Amino acid sequence: MSSAVVDFDDALAAFDPVLGLEVHVELNTASKMFCGCSTAFGAEPNTHTCPVCLGLPGSLPVVNAKAIESAIRIGLALNCKIADWCRFARKNYFYPDMTKDFQISQYDEPIAFDGWVDIDVDGETFRIEIERAHMEEDAGKLLHLGGTTGRIGDAEYSLLDYNRAGTPLIEIVTKTISGTGSKAPQVAKAYVSFLRDLMVSLDVSDARMEQASLRCDANVSIMPKGTTTLGLRTETKNVNSLRSVERALHHEICRQAAVLSSGGLVQQETRHWHEDGGYTTSGRLKSDAEDYRYFPEPDLVPVAPSREWVEELRATLPELPNLRKLRLQGDWGFTDLELQDVVNAGALDVIEATVAAGASPQAARKWWLTELARRANEAGVELAELAITPAQVAEVQGLVDAGTVNDKLARQVIEGVLAGEGTPAEVVARRNLAVVSDSGELAAAVDRAIAANPDVVIRIRDGHLQAAGALIGAVMKEMRGQADAAAVRELVLAKLA
Ligand code: ZN
Ligand code: MN
């Protein structure tokens with residue numbers, strides 16, 4: 001059931017939204033956070049387990065050094081301070097996917113804290129302050145079966161898979177984000193998108209929202225315009241696509257405005273996002289931190305990264321994805337809109353590689369965003385998964401530039417490469433796609449077109465040059481498209497001059 005909502009513009013006229021975003025990132029370490037079990041995705045249920053990640057009595061956790069390294073690099077990339085001494089903490093609560101009845105997490109001593117990132121939305125920059133990035137372990141996975149929703153409410157039984165239990169997570173928590181007004185949902189989406197790109201460029205996570213290796217809990221409250229007291233917030237859990245982050249917040253702002261406008265109170269609670277209906281429903285009342293009875297984890301030694309190591313890791317940071325975008329936009333001379341299209345299509349890497357292979361930026365952009373985007377869409381794959389390499393796309397454009405093929409024939413070349421018929425040059429040869437460059441053959445075709453269209457000839461000679469299109473069309477048709485239209489036009493006009 002969806003609740004009453006008010007129109008977004010009306011909500012924003014009366015209230016200011018305040019956001020808080022918690023993003024969990026699953027690290028791509030080979031083994032788990034506190035044991036040697038594999039983190040590989042998709043194995044038979046409960047095969048990647050051991051006494052530690054099953055929480056059996058007497059087992060002792062040991063910290064994964066690679067996970068600490070990734071946590072520090074993430075913290076540095078988010079402009080955080082890195083603790084020179086910090087501890088893990090037990091977060092106590094019962095849930096069947098967590099065998100120990102506590103999660104090993106960090107509480108008041110996170111490994112990284114007090115950072116910031118700048119996020120651009122429509123040319124406006126919003127600074128998002130990072131409260132902390134802390135380390136913790138993931139829980140197992142519950143499958144609720146026998147019902148229609150996959151949720152526990154109408155399930156007949158549930159199955160547990162502990163393969164994921166103990167996978168290293170970094171939880172990145174923002175400070176409250178205010179002053180974004182009607183752009184709040186877009187700012188949240190842009191921030192999560194930034195984090196996703198950042199994790200990939202740091203090579204610490206595959207950051208796939210659809211596989212839940214990056215998931216966002218979106219907190220939002222609203223306060224009447226002109227006031228400064230924070231309202232009670234809701235936390236929409238595990239939103240699993242960028243678009244859903246934006247939609248869920250949009251919905252929550254409208255729903256909370258409806259509650260407050262009708263004299264009600266917003267419940268401080270978690271909420272579930274329903275992708276299909278585009279609304280949220282009530283989850284559980286939100287616990288306060290004290291309910292978790294945090295205390296320092298006695299089975300693990302403190303983590304005390306040396307300053308030398310931290311500086312070494314700082315030196316390994318790649319160019320930040322947002323700065324890279326700005327640099328490429330400058331190098332390529334793309335407008336904001338052109339760059340945005342490229343980013344939205346996920347084409348930044350392939351275009352960069354195509355340009356590196358010798359194509360002009362505009363040509364690279366054209367092929368990847370039109371013909372190849374269409375084919376990737378039809379096949380339901382990413383651009384990079386198409387069976388054509390950026391170097392081959394550059395080669396296709398090279399054939400166009402050399403006049404060997406025109407744009408229409410180039411699309412057939414691409415079709416041939418995708419069908420596994422070989423390199424662009426091989427496809428041209430095999431399919432006999434090269435434009436006819438034999439001037440005698442072209443001239444004869446032009447003569448035939450002129451002879452067959454005396455009325456058109458009269459109009460051209462009267463000065464109606466645009467009438468030449470009919471003759472060019474006739475020649476192109478006869479040549480089955482394998483002629484250079486510009487050359488045909490020149491020839492037609494020369495003969496009639
Ligand atoms: Zn294990
Ligand atoms: Mn967490």
Side-chain angles (χ1 to χ4, degrees), residues 20-27 29-41 43-67 70-71 74-75 78 86-95 97-113 130-141 160-174 192 195 199 205 207 209 212-219 235-240 270 283-284 286-294 297 299-300:
L21 300 166
E22 298 168 26
V23 172
H24 285 87
V25 179
E26 229 172 57
L27 297 181
T29 54
S31 59
K32 293 187 181 180
M33 187 79 214
F34 302 114
C35 64
C37 290
S38 166
T39 55
F41 187 77
E44 276 286 292
N46 298 307
T47 54
H48 292 171
T49 56
C50 74
V52 172
C53 56
L54 288 175
L56 300 187
S59 62
L60 285 172
V62 177
V63 169
N64 182 331
K66 181 75 183 174
S70 296
I74 290 169
L78 296 173
C86 67
R87 284 181 296 188
F88 286 95
R90 286 190 182 180
K91 182 181 184 181
N92 297 279
Y93 63 102
F94 170 77
Y95 212 67
D97 58 8
M98 209 177 53
T99 53
K100 302 189 295 290
D101 289 354
F102 61 83
Q103 178 191 31
I104 303 180
S105 180
Q106 292 194 293
Y107 179 46
D108 50 356
E109 300 168 300
I111 185 140
F113 53 95
I130 308 292
E131 180 165 304
R132 63 178 195 273
H134 71 247
M135 301 179 285
E136 60 185 30
E137 58 179 338
D138 209 347
K141 208 181 276 179
L160 274 160
D161 177 5
Y162 289 109
N163 282 351
R164 196 179 69 183
T167 298
L169 293 179
I170 301 298
E171 179 174 345
I172 300 161
V173 182
T174 66
V192 177
L195 286 186
M199 298 308 143
S205 171
M209 292 190 84
S213 57
L214 186 148
R215 34 192 203 264
C216 176
D217 300 336
N219 291 268
E235 177 179 3
T236 304
K237 301 289 286 182
N238 294 332
V239 186
N240 71 350
T270 66
R284 60 179 159 86
K286 180 69 179 165
S287 311
D288 286 323
E290 47 267 37
D291 295 334
Y292 291 120
R293 294 176 293 115
Y294 282 101
E297 165 61 64
D299 286 342
L300 285 164

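Just so you know, ligand 1 is whichever comes first in the structure, and atom 1 is the first atom listed for that ligand. Note that the structure is a prediction, hence the values are computed from the model and not measured. For reference, positions follow the sequence shown, starting with 1.
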Assess whether salt bridge (charged side-chain N to carboxylate O under 4.0 Å, His left out) is satisfied between Lys100 and Asp299, documenting all intermediate values.
CA-CA 13 Å; Lys100 302 189 295 290; Asp299 286 342; over 6 Å; no
Go through the steps for Glu26 and Ser213 under the test side-chain hydrogen bond (donor to acceptor under 3.5 Å, both in side chains), then give the verdict.
CA-CA 5 Å; Glu26 229 172 57; Ser213 57; 5.1 Å; no
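Here the angle at the Mn ion (ligand 2) defined by NE2 in His24 and OE1 in Glu171 stands at 90°, rounded to 10 degrees. If you put the vertex on the Zn ion (ligand 1), SG of Cys53 and SG of Cys50 sit 120° apart, to the nearest 10°.
Taking the Mn ion (ligand 2) as reference, the nearest N/O/S atom within Glu136 carries the name OE2.
Using cut-offs of 30° and 60° for the angle between ring planes, the Phe88 and Phe34 rings count as perpendicular.
Heavy atoms of other residues, nucleotides or ligands lying less than 6.0 angstrom from OH of Tyr95 number 12 at most.
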